[in-house]
Q: 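Handing you a structure now.
All residue numbers in this chain count up from 1 along the given sequence.
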Amino acid sequence: MVGRIFSVFALSMMIMFGHLRVANAAPEMKAEAGWPSAGLLDAAASQNLVLKTNLQWFFGGRAQRGWYLYTPLIGRLLGGDHDAGSREFAEGIYRWQQAYGLNSTGVLDRDTWMSMVVFFQAGRAKGQVATRDSLILAPESDFYDAARPLELRYVDREAYAAYKRMIDAAAEAGTRAAYLKIVSAFRSPAYQAALRRNSPNSGRAGLAINSPHFTGRALDLYVGAEPVSTSDPNRLIQINSPAYQWLVKNAHRFGFHPYFYEPWHWEYRP
Ligand SMILES: [Zn+2]
């Protein structure tokens, strides 16, 4: 009898410790194998649906809310346009977190989002003011405002050639002619300073002191709604335009890369 009780006890202890060991080992094993469980992904997906519009973060000296305005760019980072509330999206986030050494939860939380912002911001065009020789005058017909004065129609020569190739491809893909016209190209430091004086509240994200537009290689392109307003409702219209979505998927083929915060602003960095 005592022997039987002992063996039942020993067996339960073995099961218990065996179970504990498996449980302790499980997260590491999962991380190594890279297989998040369905339960983890489902929990992450429901959190992602909330954070999509509610995550609080700061950028350009302003409080920001949610990452829903960046879903096309996030989709490109993750390699697929999955709904923010889907398991596939959570899995994409999980893999991003693994690659960047972040706590892998599948939740697009603040740390994860800020790692994406750092990624988006890396390698942006800064500095070098364009020289006269590097600029060419683009025709009025390329501009959103067909009456744009001559001194505001200069573009970097190479960026302009790439832009023309890009809009030809966009037209072939069915983008309507009103879209992707140039709203703004080269801006001289003097002109930029005047813009800032006229709109002192635009913030750091709005009118940079060291603007990529000085290079002649940054183009603001028309992607719908108010051409260059950073208000969230305005940007929501823009990111849903077929023209913007085409750019997100194709502009890199022509050497153009997005500024994540402004759907209209594209930089030529071949
Ligand atoms: Zn711009």
Side-chain angles (χ1 to χ4, degrees), residues 21-60 62-126 205 212 218 232 235-236 238-240 244-263 265-270:
R21 277 178 60 194
V22 169
N24 283 339
E28 272 177 59
M29 282 164 62
K30 273 182 196 155
E32 273 167 28
W35 289 324
S37 71
L40 179 143
L41 292 179
D42 286 345
S46 57
Q47 279 202 65
N48 284 334
L49 267 186
V50 174
L51 294 174
K52 180 183 176 182
T53 48
N54 283 354
L55 180 78
Q56 296 188 23
W57 55 291
F58 278 86
F59 186 76
R62 289 181 189 172
Q64 313 282 339
R65 206 172 178 92
W67 36 258
Y68 66 100
L69 294 170
Y70 314 99
T71 47
L73 296 175
I74 296 167
R76 185 159 157 70
L77 278 194
L78 302 183
D81 282 330
H82 298 295
D83 187 87
S86 68
R87 241 187 219 185
E88 289 81 3
F89 183 87
E91 187 167 356
I93 296 298
Y94 183 94
R95 300 208 183 287
W96 172 272
Q97 290 166 327
Q98 279 194 318
Y100 282 80
L102 297 163
N103 188 23
S104 300
T105 58
V107 179
L108 185 38
D109 55 13
R110 191 184 288 113
D111 281 354
T112 308
W113 172 237
M114 292 324 288
S115 78
M116 290 184 174
V117 169
V118 167
F119 183 87
F120 292 141
Q121 289 289 75
R124 286 198 59 211
K126 284 274 183 249
D232 287 5
R235 291 188 294 154
L236 183 59
Q238 293 178 326
I239 62 149
N240 283 304
Y244 177 73
Q245 295 187 355
W246 185 88
L247 284 175
V248 169
K249 292 196 169 81
N250 295 281
H252 64 99
R253 295 196 284 123
F254 304 90
F256 283 94
H257 300 276
Y259 170 36
F260 83 101
Y261 197 74
E262 298 178 350
H265 180 106
W266 292 79
E267 295 172 0
Y268 181 64
R269 286 185 263 120

Q: For residues Ala251 and Trp266, report the shortest heavy-atom separation together with the two atoms involved.
A: CB-CZ3, 3.6 Å
Q: Between Leu108 and Leu55, is there a side-chain heavy-atom distance shorter than 4.5 Å?
A: no
Q: Taking all non-hydrogen atoms of both residues into account, name the closest pair between Leu73 and Phe120 and its distance.
A: CB-CZ, 3.8 Å
Q: Would you kindly say whether Gln97 and Thr112 are connected by a side-chain donor-acceptor distance under 3.5 Å?
A: yes
Q: Kindly say whether Ile239 contributes a backbone atom to a donor-acceptor pair with the side chain of Gln245 at under 3.5 angstrom?
A: yes
Q: Within the side chain of Thr53, is there an N or O that forms a donor-acceptor pair under 3.5 Å with the backbone of Leu51?
A: no
Q: Going through the distances and angles, do Val107 and Ile93 end up as a side chain to side chain contact (heavy atoms under 4.5 Å, CB included)?
A: CA-CA 7 Å; Val107 179; Ile93 296 298; 5.8 Å; no
Q: Of all heavy-atom pairs between Thr71 and Lys52, which one has the smallest distance, and what is that distance?
A: CG2-CE, 4.5 Å
Q: Would Glu91 and His82 satisfy side chain to side chain contact (heavy atoms under 4.5 Å, CB included), going step by step from the backbone distance to the final call?
A: CA-CA 10 Å; Glu91 187 167 356; His82 298 295; over 6 Å; no
Q: In Å and rounded to the nearest 0.5 Å, what is the CG to OG distance from Asp42 to Ser86?
A: 10.5 Å
Q: Are the aromatic rings of Phe119 and Trp96 close, with centres under 6.0 Å apart?
A: yes
Q: Could you tell me whether Trp67 and Phe89 have their ring centroids closer than 6.0 angstrom?
A: yes
Q: Which heavy-atom pair separates Asp111 from Leu102 by the least distance, and what is that distance?
A: O-CD1, 4.4 Å
Q: Between CZ of Phe59 and CH2 of Trp113, what distance do you get to the nearest 0.5 Å?
A: 9.5 Å
Q: Between Ala122 and Arg269, what is the shortest heavy-atom contact and its length?
A: O-NH1, 4.3 Å
Q: When you compare the side chain of Lys249 with that of Arg76, does any pair of heavy atoms fall below 4.5 Å?
A: no
Q: Rounded to the nearest 0.5 Å, how far does CD of Gln47 lie from OG1 of Thr105?
A: 7.5 Å
Q: How many angstroms lie between NE2 in His265 and CZ in Phe260, if you round to the nearest 0.5 Å?
A: 12.0 Å
Q: Do the rings of Tyr70 and Trp57 sit parallel, tilted or perpendicular, given the 30° and 60° boundaries?
A: perpendicular
Q: Drop me the distance from Tyr94's OH to Asn103's CG, to the nearest 0.5 angstrom.
A: 9.5 Å
Q: How far apart are the C-alpha atoms of Gln56 and Arg65, what are their side-chain angles, what is the distance that settles it, and do they pass the side chain to side chain contact (heavy atoms under 4.5 Å, CB included) test?
A: CA-CA 5 Å; Gln56 296 188 23; Arg65 206 172 178 92; 3.4 Å; yes
Q: Verify, without hydrogens or angle tests, whether Asp81 (side chain) and Gly75 (backbone) share a donor-acceptor contact under 3.5 angstrom.
A: no
Q: If you compare all heavy atoms of Ala45 against all heavy atoms of Gly85, which two are closest, and at what distance to 0.1 Å?
A: CB-O, 3.4 Å
Q: What class does the angle between the rings of Tyr259 and Tyr261 fall in, given that below 30° is parallel, 30 to 60° is tilted and above 60° is perpendicular?
A: tilted
Q: If you round to the nearest 0.5 Å, how far is CG of Leu236 from CD of Gln238?
A: 9.5 Å
